[in-house]
Amino acid sequence: MKESLKQFIRAGFDSALQNGSIQAYYQPVIRTISGRLCSFEALARWVDPEFGILRPDQFIPVLEQDKRIHLLDSHIIREVCRQLRRSIDSGETPIPVSVNLSRLDFSCCDIFSVVDQQVSAFQIPHDFLYIEITESILGEQEGLMHEVVDRFHEAGYQVWMDDFGSGYSSLNMLKDYSFDELKLDMRFLSSLDRRSRRILTSIIHMAKEIDIHTLAEGVETEEQFLYLRDIGCEKVQGYYFGAPMPYAKALEHLREKGVAVELPLHRKYYDDLGRIDFLSSLPLLDQKERKQLVTARQLNSIPLALVEMRRDFFSLLFSNTAFEQNLRGAELLQEDFRNAEPGATLALALMPERVVNLLKSTRDKGLGRMLFVSHDEYYELKTRCVARRRGAFCVLMQLNNLSQASQAASTTHLDEGLRQLYTLFDRITLIDLEKDCITPLYVGRTDYLTKGREGIAALAVDFARTQVFREDQERILQFYDISTLDARLNASGHNAISGCFRCLVSDGQYDWKQFIVMRYRPGILLELIHDARAELAPFRLCETENADENNCPPEMLWKNLIQSDVVRMFWKDRERRFLGVNRGFLEYYGFGSDQDVIGKTDEELGWHVHPFASSTRASPHTTSPAAAYPTGKTGRSLPTRRRFSTRRAILSVCSAVLLTEVF
């Protein structure tokens, strides 16, 4: 370095700090799986009219020689906190920033107190400032460094190891210290040959095994970015996305490139996704389960894909070659899905309903499994929910071709008849009487998902109460009565029984379903559920000579209204006394039977009468809207959550007017 520049740095450093010549420049850090900006790294730049922009490698060595580097680092930390405060106050999305600490910071000052005081002064959340420490520092002052790293962690800061791989003791440092993230040394990417690729892949896999996030710096080409993304590196940084710039210019540059900002509330969501090791042979196991097993790892040997689900859309965030090959053979998803680029947003309609139902079930239960047949081959789709946030969740999918894999243990219990059953039935379930549990083999719609797997009687009660029409609930409980099931199967003559029941379907209505239970093998029953329209054709509800399915007699319509728990209906006489109510009305207000209300007025029930209601005789063509304002102060106590909206009250009054005219 020229002596004139050294003299300039020594002489002008203090004034440069005061007049703002030394500034914090920001280089973007991009989340590989989403392509979003997740943080910045703050880097010092000295902007001078004579020498131009001085790089850190020009003035930092001089400041280290003079043991004044801690003044520079303190200044950058203060400027970063000031910028974060400015972003928060202006209503912008605050973006986390990492700052570098020099080895002399730990001997020249109490660097933890310096950081914490600035964070407190500007009232910055601790998880918006990341602390970067180079591995070379850790070996020099081991005792002191353990203490300082622990203090940062205890105060809620993330601590990153910078320049991982640049020294000789990196692995030892990982054993002795607890880091939140590894920044891979940029020299790994200087020549992305076969050897460096294998080293990077091994480092990423190792980091995930010990639950440390990864960031690669020095990314300058699309090839480097794509490779790092495919091996599971969570974040990247480098000139491919942007050079260090002033804060406003850095944001403008990213907007021009179409890079969106990651919301703070999504950070944990993506951190959870980052823990997935796509190259592992055991991706569906959590970390605790993986630690209990020792297995060889084969690159891309497990057919995997990661799907993000939203209300009406989904995105394929990742898929490996093995998954894509099985997907083409299975023809499980449409061509548009199979050809989609990673991260592309697609309409949920492109995904078959049975796959959507499986993924939604996985969101609620954590794990899922579906068997199906395509081109005379058995396939298994296994799923695990790996992360969720408001309005979205991610599912890791493993698609296995059981026939090609010759997995006899998974296919021996499937015979030729089952190949067609999956296309004919809404649900197929194995019932184990000895273990008192069920094993769903196929669930074609969310209506037939159960909350548990054990306790057959309890599961039957829960299904009856939540999915079966009230008048059919007692019959279906008798149908699933375990104490008599064996005798009924023997009496059937062919080891199978069936029954038709009205079940809730996706549009909120009830439809007839046929339930079939047959012996599969001793102690194991097979349950099948499918549409029962064909079976009920000879027994139409409208059994009049000229009736058809579109022309039911009035008495049948009236019976359905009385039994409805969707429409809440009542009718009164001219004295405002209840003449009748339907089932929906009784359930809504918690009455045991219609005898609790018939012949009574609102006042006799203890309901507050609306001010505009007549206190004497009601008009023959109107009824009291008193039911819209129940108070429960006298007479029957009404649930506080039972309140009529104005709209519901009007509907009830209109129903009563109509029925008053009829009767």
Side-chain angles (χ1 to χ4, degrees), residues 23-45 47 53 55-56 76-77 79-100 122 124-125 127-130 132 158 160 162 181 183-184 186 189 213-230 232-271 273-274 308 310 315 317-318 341-345 389 391-392:
Q23 304 173 13
Y25 273 40
Y26 297 82
Q27 187 170 32
V29 176
I30 304 300
R31 185 89 66 173
T32 58
I33 203 166
S34 65
R36 291 176 175 266
L37 172 70
C38 59
S39 68
F40 280 116
E41 180 183 6
L43 300 165
R45 294 293 186 269
V47 183
I53 299 179
R55 300 185 311 275
I76 295 299
I77 291 168
E79 292 305 305
V80 167
C81 291
R82 192 191 311 277
Q83 178 58 57
L84 283 168
R85 183 73 258 164
R86 190 180 298 122
S87 298
I88 295 172
D89 291 342
S90 63
E92 299 176 359
T93 300
I95 301 168
V97 182
S98 63
V99 294
N100 296 277
F122 287 96
I124 304 301
D127 58 348
F128 277 86
L129 190 70
Y130 305 146
E132 295 191 26
Q158 285 194 23
W160 297 1
D162 192 14
E181 189 151 305
K183 290 193 70 173
L184 305 180
M186 60 187 305
L189 299 178
H213 300 287
T214 52
L215 187 162
E217 56 183 349
V219 177
E220 297 182 351
T221 67
E222 183 180 19
E223 177 191 7
Q224 293 172 343
F225 166 68
L226 293 177
Y227 179 75
L228 289 166
R229 184 197 66 185
D230 290 346
C233 184
E234 297 175 56
K235 305 173 186 176
V236 292
Q237 174 185 348
Y239 279 77
Y240 180 66
F241 293 99
M245 304 178 190
Y247 188 82
K249 288 186 177 181
L251 287 180
E252 180 61 28
H253 170 74
L254 293 170
R255 279 193 291 267
E256 292 175 356
K257 290 177 68 69
V259 177
V261 177
E262 180 178 294
L263 297 178
L265 58 89
H266 295 166
R267 196 186 310 161
K268 182 182 183 302
Y269 172 78
Y270 285 115
D271 283 345
L273 296 183
E308 183 181 65
R310 296 185 292 282
S315 298
L317 300 182
F318 171 87
E341 293 293 329
T345 299
R389 61 177 170 88

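Model, not experiment: these values are computed from the prediction.
Between the CG atom of Leu37 and the NE2 atom of His253 there is a distance of 10.5 Å, given to the nearest 0.5 Å. Note: Leu84 CG to Glu79 CD = 11.5 Å, rounded to the nearest 0.5 Å. Here Leu273 contributes atom CG and Leu317 contributes atom CG; the two are 7.0 Å apart, rounded to the nearest 0.5 Å. In this structure, the separation between CD1 on Ile88 and CD1 on Ile124 is 4.5 Å, given to the nearest 0.5 Å. Interatomic distance, Gln23 CD to Leu43 CG, rounded to the nearest 0.5 Å: 13.0 Å. The line from OH of Tyr247 to CZ of Phe40 is 5.5 Å long, rounded to the nearest 0.5 Å.
Annotation for Leu228 and Ala216: closest pair CD1-CB, 3.6 Å, computed over non-hydrogen atoms. Pro96 and Cys38 get closest at one heavy-atom pair: CD-O, 3.5 Å. Smallest separation of non-hydrogen atoms from Val80 and Ala42: CG2-CB, 3.5 Å. Taking every heavy atom of both residues into account, Pro56 and Ala44 meet most closely at CG-O, 3.2 Å. Across all non-hydrogen atoms, the minimal contact from Thr93 to Pro264 is CG2-CD, 3.7 Å. Between Pro28 and Ala243 the shortest heavy-atom distance is CD-O, 4.4 Å.
Checking side-chain atoms of Ser39 against main-chain N and O of Val29 turns up no donor-acceptor pair under 3.5 Å. Side chain of Arg85 to backbone of Phe122: a donor-acceptor contact under 3.5 angstrom is found. The backbone N or O of Glu220 sits less than 3.5 Å from a side-chain atom of Gln224, completing a donor-acceptor pair.
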ask   = Going through the distances and angles, do Gln27 and Tyr25 end up as a side chain to side chain contact (heavy atoms under 4.5 Å, CB included)?
value = CA-CA 7 Å; Gln27 187 170 32; Tyr25 273 40; over 6 Å; no
query = Run the side chain to side chain contact (heavy atoms under 4.5 Å, CB included) check on Ile30 and Val219 step by step: do they pass?
reply = CA-CA 11 Å; Ile30 304 300; Val219 177; over 6 Å; no
query = Which is it for Glu217 and Asp162 under the side chain to side chain contact (heavy atoms under 4.5 Å, CB included) test, yes or no, and what are the steps along the way?
reply = CA-CA 10 Å; Glu217 56 183 349; Asp162 192 14; 3.7 Å; yes
task = Decide yes or no on side chain to side chain contact (heavy atoms under 4.5 Å, CB included) for Tyr270 and Glu262, but give the supporting numbers first.
result = CA-CA 9 Å; Tyr270 285 115; Glu262 180 178 294; 3.6 Å; yes
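Using a 4.5 Å cut-off on side-chain heavy atoms (C-beta onward), Leu215 and Trp160 make contact. Side-chain contact between Asn100 and Glu41 is present, with heavy atoms from C-beta onward closer than 4.5 Å. Between Lys183 and Gln237, the closest side-chain pair of non-hydrogen atoms falls below 4.5 Å. In this structure the side chain of Arg310 reaches within 4.5 angstrom of the side chain of Thr345, judged on heavy atoms.
Between Asp271 and Arg267 there is no salt bridge, since no side-chain N of the basic residue sits under 4.0 Å from a carboxylate O of the acidic one.
A donor-acceptor contact closer than 3.5 angstrom is absent between the side chains of Gln158 and Glu181.
Around CD of Glu222, the count of heavy atoms belonging to other residues, nucleotides or ligands within 6.0 Å does not exceed 12.
Every residue was checked against the salt bridge (charged side-chain N to carboxylate O under 4.0 Å, His left out) condition with Lys249, not counting sequence neighbours, and none meets it.
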